[in-house]
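Inspection log for the structure reproduced underneath, given as structure tokens.
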Amino acid sequence: MTHIVDRRGAGAVSQRALRGYARVGFLPTVLIVLVVAMALFVPRFLSVQNVFNVLRSSSYLVILSAGQMLVLIVGGFDLSVGAVVPLASVVSAMTMVWAGGAVPGQTGLIIALGVLAGLGSGLLVGLLNGLCVAFLKVSAFIVTLGSMSIATGMALLLTNGIPVYGMPKAFVSGFGRGLWFQLPTAVYLAALVVAAVWFIQNFTKMGRYLYAIGGNLHAATVSGVRTKTYLVLAYAVCSILAAVTGLALTAEIGSGQAVINGQLTLESIAAAVIAGVSLKGGVGRVEMVTLAALFLLILTNAMDLLRIDPRIQTIFLGLIVVLAVAIEEMGKRRTPVD
Amino acid sequence: MTDAASLSAPEAARRSLVGWLLVLSLPLLMAVMELSVYAVEPRVLSLRNIVNVLDQASYAFVFASAQMMVILTRGFDLSLGTSVSTVSVASALAMTGLVAAGAPDALVVAAGLIAGLGVGALVGLFNGGFVAGLGINPFVVTLGSLNICLGLSTTISGGGPVFNVPDVFSRLFYNGKLMPGVSIPIMIAVLIGLGLYFLLNHTTFGRSLYIIGNNPRAARVAGLPSRRYLMFAYLACSLLAAFGGLMLTARTGSGEPNLGGSLMLESIAAAVIGGVSLQGGVGGVGAVVFGALFVTMLSNSMDLLEVGGYVQQILLGCVIIIAIFLDRLRQTRA
């Protein structure tokens, strides 16, 4: 690296700029181009209502993908997030309905119990995943495949597939569909999660250890990192963030749902991968994941506004995921390694 | 890492009793499961049910062996499932179109086969091209083709089933009578199994897949045409899956855009439960046979015991984790 700094001149500067650009990747550029093009050609794109919709729906994906990223960084996988979302939704809604009968009128308490129960269900799944991966050394793919099946079955068994109604109004209209300072509440929640994860990644031991574990598990263990603890922690945080997503969605929908968008797991992994998170572990930054989740949702919204058939949209999304990663990969190969 | 095939005789003999129990854990588990179900529900061991289980397991076997071809190379195929749906819809459309045009049976069946296997080949080339040619992670590539196939199958079918797949197709791949007592799906599964056994154990391509899975760098240094073989592996996977899709289409008698719904996870689960390692390089036809049989027996037993669908899902999740843990023990002991 140092030899470039010594060489003063326009060439070195532009080279450094290029290198900086390569580090951030082409994602921000594509995102800006997309937004500008849409703003110019489809006026409705910048209407308040549309911006709100995009921001709200991307908030959920941002939270979910941030958790997925943590697990990917330690070299794992979490296929169960898409099942934890409905599980937390159902558990929290049922708890609130039960608490509404047990302690009528105590809205705050009812909501608190519901939220705790929802987060608790997420934590349980996360612990199951983390413990199996860290201690039984079972492949993350299989463990989370199993826990996905378990969580889905639980959510359906609890509700028979029927939506759970009867949550406090404050939870639905106050939080889920509410606006604080003109913005949907989910946006604040997502911002909070991103800030927290960003802080963890940049300023805490845990953040550095997660990268170390994903980079080289053996080396991390030998250097005295309590790898097992941190592995369990990564899976637990991922599932809790999935539960948070479930709670926010429940508040917006207004009922506990055992069946929520089956594509969530794959979308969260797609967002992480587009953001340059390596599936081999050790690489990934939450700010990029946020951009990637925004990009995916803005793209979907743009295609909706352009009245592209949703079935064709799926084909586009598939191609974009592959091409995004392919271009990233080619770019990396051309940048000299030093 | 030594795999079972490379163990010498004295080494194998030195295995403790526990080791053998672990090696036999899956067959043992299956026997215990069947016997304990038998105590409650004798129908489980009736000839009719056994034939039924074998019949069901043939489909599971075809999809799991497709998946094995790429898992051996440290990859997997997430698009198996939606690609099966696309195969089903495409072949059904080709056949019903020709029937409407008054084409003879042979031509109709041939068109169905070409359309189905053609879709399979395209998916395989897409997956293999990006994985082998550009070195992109198989998870990402097949996640992409999963979505592409999902969009394709729902678009070309208009969202609903394509009815009136000709009877001759169903007779050929599902309910025709060739040999008394043995159904066509079972015969196809046996043929595919024998073919794969030969391919994996007695051809350079097959042996190379194990080497690529065990140590990709060594395979490249040794001068194996790794890229070409990887490409073939993905092609074989998608073609096998497409063939399974044709078999399922023959069974349902219609092209179904939702046919492949849970196939992707089931095929991976069956292969891995049988002992195909996601780390690559370990597994074979035998493993897939046991994995497919186990998964089928489990759901058959639960059906007979009238376990509800939701509880079945929970139990399946638990069993997947336990089976894979046993496999893990087996590998560390071996």
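Residue numbering restarts at 1 for every chain, and letters A, B, ... go by the order of the sequence lines.
- Heavy-atom pairs under 4.5 Å with chain A peak, among B/L78, B/L315, B/L150, B/T154, at B/T154.
- Checking each of B/L29, B/L298, B/V295 against B/V319 for a side-chain contact (heavy atoms from CB on, under 4.5 Å) leaves exactly one that passes, namely B/L298.
- Put simply, of A/I274, A/N160, A/L128, the one with the most heavy-atom pairs under 4.5 Å next to chain B is A/N160.
- When B/N137, B/I322, B/I320 are compared by the number of non-hydrogen pairs under 4.5 Å with chain A, B/N137 comes out ahead.
- Proximity to chain A is limited to the side chain of B/F130, based on heavy atoms less than 4.5 angstrom apart.
- Side-chain N/O atoms of B/S153 and B/S85 include no donor and acceptor closer than 3.5 Å.
- Note on A/M154, A/M148, A/K280: by heavy-atom pairs under 4.5 Å with chain B, the leading option is A/M154.
- Using a 4.5 Å cut-off on side-chain heavy atoms (C-beta onward), B/S238 and B/D77 make contact.
- With 3.5 Å as the limit, one finds no donor-acceptor pair spanning the side chains of A/T265 and A/Q263.
- Using a 4.5 Å heavy-atom cutoff, the side chains of B/V276 and B/V282 are not in contact.
- Residue B/L146 touches chain A through its side chain alone, counting heavy-atom pairs closer than 4.5 Å.
- In this structure, A/L123 and A/S239 have side chains that are not in contact, with every pair of non-hydrogen atoms separated by 4.5 Å or more.
- For residues 316-327 of chain A, heavy-atom neighbours of chain B at less than 4.5 Å comprise A/G318, A/L319, A/V321, A/V322, A/L323, A/V325, A/A326, sorted by residue number.
- Here CD of B/Q313 is found 11.5 Å from SG of B/C318. Values are rounded to the nearest 0.5 Å.
- Side-chain contact between A/L131 and A/V232 is present, with heavy atoms from C-beta onward closer than 4.5 Å.
- For the pair B/M297/B/M33, a side-chain contact is recorded, criterion being any heavy-atom separation below 4.5 Å from C-beta on.
- Formation of a donor-acceptor pair under 3.5 Å by the B/S254 side chain with backbone atoms of B/E256 is not found in this model.
- Taking B/L316, B/V311, B/L278 one by one and counting their heavy-atom pairs under 4.5 Å with chain A, the maximum is reached by B/L278.
- The local environment of CZ in B/F290 is sparse, with at most 12 non-hydrogen atoms from other residues, nucleotides or ligands closer than 6.0 Å.
- Counting heavy atoms from C-beta on, the side chains of B/M231 and B/L125 come closer than 4.5 Å.
- Under a 3.5 Å cut-off, the side chain of B/Y234 and the backbone N or O of B/G75 do not form any donor-acceptor pair.
- Proximity to chain A involves both the backbone and the side chain of B/L152, based on heavy atoms less than 4.5 angstrom apart.
- Interface residues of residues 137-144 of chain A toward chain B, defined by a heavy-atom distance below 4.5 Å and sorted by number: A/K137, A/V138, A/S139, A/F141, A/I142, A/V143.
- Side-chain atoms of B/Q312 and B/D303, non-hydrogen and from C-beta on, do get closer than 4.5 Å to each other.
- For B/V140, the parts sitting under 4.5 Å from any heavy atom of chain A are the backbone and the side chain alike.
- Using a 4.5 Å cut-off between heavy atoms, A/D309 makes no contact with chain B at all.
- Distance check: B/L72 CG to B/S277 OG gives 9.5 Å after rounding to the nearest 0.5 Å.
- Contacts between A/L136 and chain B at a heavy-atom distance below 4.5 Å involve backbone atoms as well as side-chain atoms.
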